[in-house]
2 protein chains.
Amino acid sequence: MPARTAKTPLSRERILAAATAVADAEGLAAVTMRRVAEALDCEAMSLYYYVKDKSQLLSGLVETVIDQIIAETLAGADQSGPQELSQSGSNPSTADWREVVRTRCLGARKVMLRHPWAPSLVAGTAVVPPNTYLVFEALVGTMIEAGFSYETAHRAIHSLGSMLMGFTQEIFEPDAADDGTTAEEMAAMAAAFPHLGALAGSVTHDQTDSLGVCDTQSEFEFTLNLVLNGLDGFRGND
Amino acid sequence: MPARTAKTPLSRERILAAATAVADAEGLAAVTMRRVAEALDCEAMSLYYYVKDKSQLLSGLVETVIDQIIAETLAGADQSGPQELSQSGSNPSTADWREVVRTRCLGARKVMLRHPWAPSLVAGTAVVPPNTYLVFEALVGTMIEAGFSYETAHRAIHSLGSMLMGFTQEIFEPDAADDGTTAEEMAAMAAAFPHLGALAGSVTHDQTDSLGVCDTQSEFEFTLNLVLNGLDGFRGND
DNA sequence: ACGATTCATCTTACGTCGTAAGAAAGGACC
DNA sequence: GGTCCTTTCTTACGACGTAAGATGAATCGT
């Protein structure tokens, strides 16, 4: 028998999966055509038969993440029709729209935490892939059904969307001990920023998840509740 | 006289200013060592005398933006001492902390709109420059003075910070007519996403600012008010 | 005044990246 | 077997970040 086993053929899906794996394991900067090709045991130029560009590869990565969000938050409800919760059996009472949306946002965040490179990718990409609209459609549907106006639903897309993308990765990390800051620099900072010093002393930074040290789940949920409760005040009011 | 006029010497400041100008005019991708050097009428390697790395140049860009935010929102109050509004003459009544913070957030946003590349740069940068702490210090100071706990102030940093960074650039743009989407694709989309179709019809997209088509000022202010009002409920409550 | 030293800038070169152009290896079909 | 697609690979080019060190200009000790 020949020593060389037949390779499984390439495909856009296989390429995107490999690129996602590389990004997860080695970061976005490691996602080069040559590196992805190596992960697929082929040459870099072979990828161009399935993706036009590197930028299209990156858009495909965004698409992949959105697909995972859809799978996580709208499981099994979307392929039967556009509306998902509104026409299924248990019509949610307009009161608990918040629970529905909160659950979806937390699911989306769960996916983002699996792919910490996603926010910066979305930030650098001009166009959002079409499958994003499915997520928005579900959100708008839920809110319209709960008694919101289209204008408020539109604003909710922006509020919740920027919350999810607004990663705040490491935006505030009081004890950055591993970089080159010396002890006296730390002391000078503590003197210059008394409130931050007091804050660092009073806030317990126990939980560290993968989207930076300070972006803990509880802080995300706090802001999420803030937005959801605020939005609820607009229900049926315009 | 010799024809060659003496060039003004390089400096970190001049380099960062040139890099900012290039980024503003041609986008982040155009910020290469050679391109920045060309803007300064020198060679690429000359930059390395003032910045260690390209990544350090990019960090410097973030620093520049934050400096502009400081100048815009904390004008003249910071160099006299760490606290700014808390010890100045007109002690703001605890009721209008929202106005103070809102004004600062809008000022920060104004700066971000001048540099649309800033969010993606922050998203891709691991460490936030030290001058960011000055912004946070002012926010925490204002909130503590208004009767908030340190924990709530900490959460406010995250809420407002992710709002500001959460740009949502072009995250939702119903009429993307300029790309390759054909008319039948548009029709298919409208059929697949009825709520989004209705939304696109009902929402007037008149104002287009530079951070994408849909991220209008009013949507930003709406979410900002949502967050500020929500935070206000925690004043003195824990 | 003048060699030595330090500072600031430039020259050259290397490895890596995205990717254009087209050759080569299969299969499928006549 | 020959012809034609489909899929993959080879080679090559220009742009990028930057290491190594040369080059000119300023400063200084004596």
Side-chain angles (χ1 to χ4, degrees), chain A residues 1-23 25-63 117 120-121 124-127 180, chain B residues 1-23 25-63 117 120-121 124-127 180:
Chain A
M1 68 185 286
R4 197 54 41 86
T5 63
K7 305 179 189 179
T8 65
L10 288 179
S11 69
R12 187 179 139 88
E13 287 68 34
R14 256 166 59 76
I15 291 172
L16 291 181
T20 303
V22 169
E26 305 167 38
L28 245 199
V31 180
T32 69
M33 300 304 266
R34 295 184 222 272
R35 179 69 190 83
V36 172
E38 181 193 317
L40 290 165
D41 195 27
C42 71
E43 299 304 312
M45 289 310 289
S46 304
L47 306 180
Y48 285 88
Y49 191 79
Y50 301 95
V51 298
K52 180 185 155 298
D53 252 343
K54 187 189 177 183
S55 74
Q56 214 178 74
L57 200 170
L58 295 182
S59 304
L61 282 190
V62 177
E63 204 183 303
W117 38 268
S120 67
L121 196 50
T125 306
V127 185
Chain B
M1 67 185 293
R4 199 52 43 87
T5 61
K7 305 180 191 180
T8 63
L10 288 179
S11 68
R12 186 179 139 89
E13 286 67 34
R14 255 167 59 75
I15 290 172
L16 290 182
T20 303
V22 170
E26 306 167 37
L28 245 199
V31 180
T32 69
M33 300 305 266
R34 294 183 223 268
R35 179 70 190 81
V36 172
E38 181 194 316
L40 291 165
D41 195 28
C42 71
E43 300 305 313
M45 290 310 290
S46 304
L47 307 180
Y48 286 88
Y49 192 80
Y50 300 95
V51 297
K52 179 186 154 299
D53 251 347
K54 186 187 178 183
S55 75
Q56 213 177 75
L57 200 171
L58 296 182
S59 304
L61 282 191
V62 177
E63 203 182 303
W117 39 268
S120 67
L121 196 51
T125 306
V127 185

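A quick note: this is a predicted structure, and the numbers were derived from the prediction, not measured. We use all heavy atoms of the structure for the numbers below, so side chains are in, but hydrogens, waters and symmetry mates are not. A note on names: the letters A, B, ... follow the listed sequences, proteins ahead of strands, and every chain is numbered from 1.
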Q: To the nearest 0.5 angstrom, please state how far the NZ atom of B:Lys54 sits from the OG1 atom of B:Thr32.
A: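 One finds 6.5 Å between NZ of B:Lys54 and OG1 of B:Thr32.
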Q) Rounded to the nearest 0.5 Å, how far does CG of A:Leu16 lie from CG of A:Leu58? A)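 It is 10.0 Å, given to the nearest 0.5 Å.
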Interatomic distance where [atom1] belongs to [X] and [atom2] belongs to [N] [whole Å]:
X       : N      : atom1 : atom2 : answer
A:Met33 : D:dA12 : CE    : P     : 21 Å
A:Leu40 : D:dT7  : CG    : P     : 16 Å
A:Tyr48 : D:dT11 : OH    : P     : 18 Å
A:Leu47 : D:dT7  : CG    : P     : 14 Å
B:Lys54 : C:dC17 : NZ    : C1'   : 12 Å
A:Gln56 : C:dG18 : CD    : P     : 15 Å
B:Leu10 : C:dC7  : CG    : P     : 16 Å
B:Leu28 : D:dC16 : CG    : P     : 14 Å

Q: Identify whether any heavy atom of A:Thr32 sits under 4.0 Å from a base atom; if not, whether one sits that close to sugar-phosphate; answer base, sugar-phosphate or nothing.
A: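 Since only primed, P, OP1 and OP2 atoms lie under 4.0 Å of A:Thr32, the category is sugar-phosphate.
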[X] side chain, from C-beta outward: closest of [options]:
X       : options                : value
A:Met45 : C:dG18, D:dT18, C:dT19 : C:dT19
A:Tyr50 : D:dT18, C:dT19, D:dT7  : D:dT7
A:Glu43 : D:dC9, D:dT8, D:dG17   : D:dC9
B:Tyr49 : D:dC9, D:dG17, C:dC7   : C:dC7

Q) Looking only at heavy atoms, what is the nearest atom pair of B:Arg12 and B:Tyr50, with distance? A)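 Between these two residues, the closest heavy atoms are N-CD2, 3.9 Å.
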Q: Taking all non-hydrogen atoms of both residues into account, name the closest pair between A:Leu47 and A:Cys42 and its distance.
A: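 Distance-wise, the nearest heavy atoms are CD2-SG, 4.2 Å.
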Q. Are B:Leu61 and B:Trp117 close enough that some pair of their side-chain heavy atoms sits under 4.5 Å apart?
A.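 The answer is yes; the side chains approach within 4.5 Å.
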Q. Quick one: is A:Ser46 getting a side-chain N or O under 4.0 Å of the D:dC9 phosphate, OP1 or OP2?
A.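 Result: yes.
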Q. For A:Arg34 and C:dC17, is the shortest distance between a side-chain N/O and OP1 or OP2 below 4.0 Å?
A.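 For C:dC17, OP1/OP2 do have a side-chain N/O of A:Arg34 under 4.0 Å.
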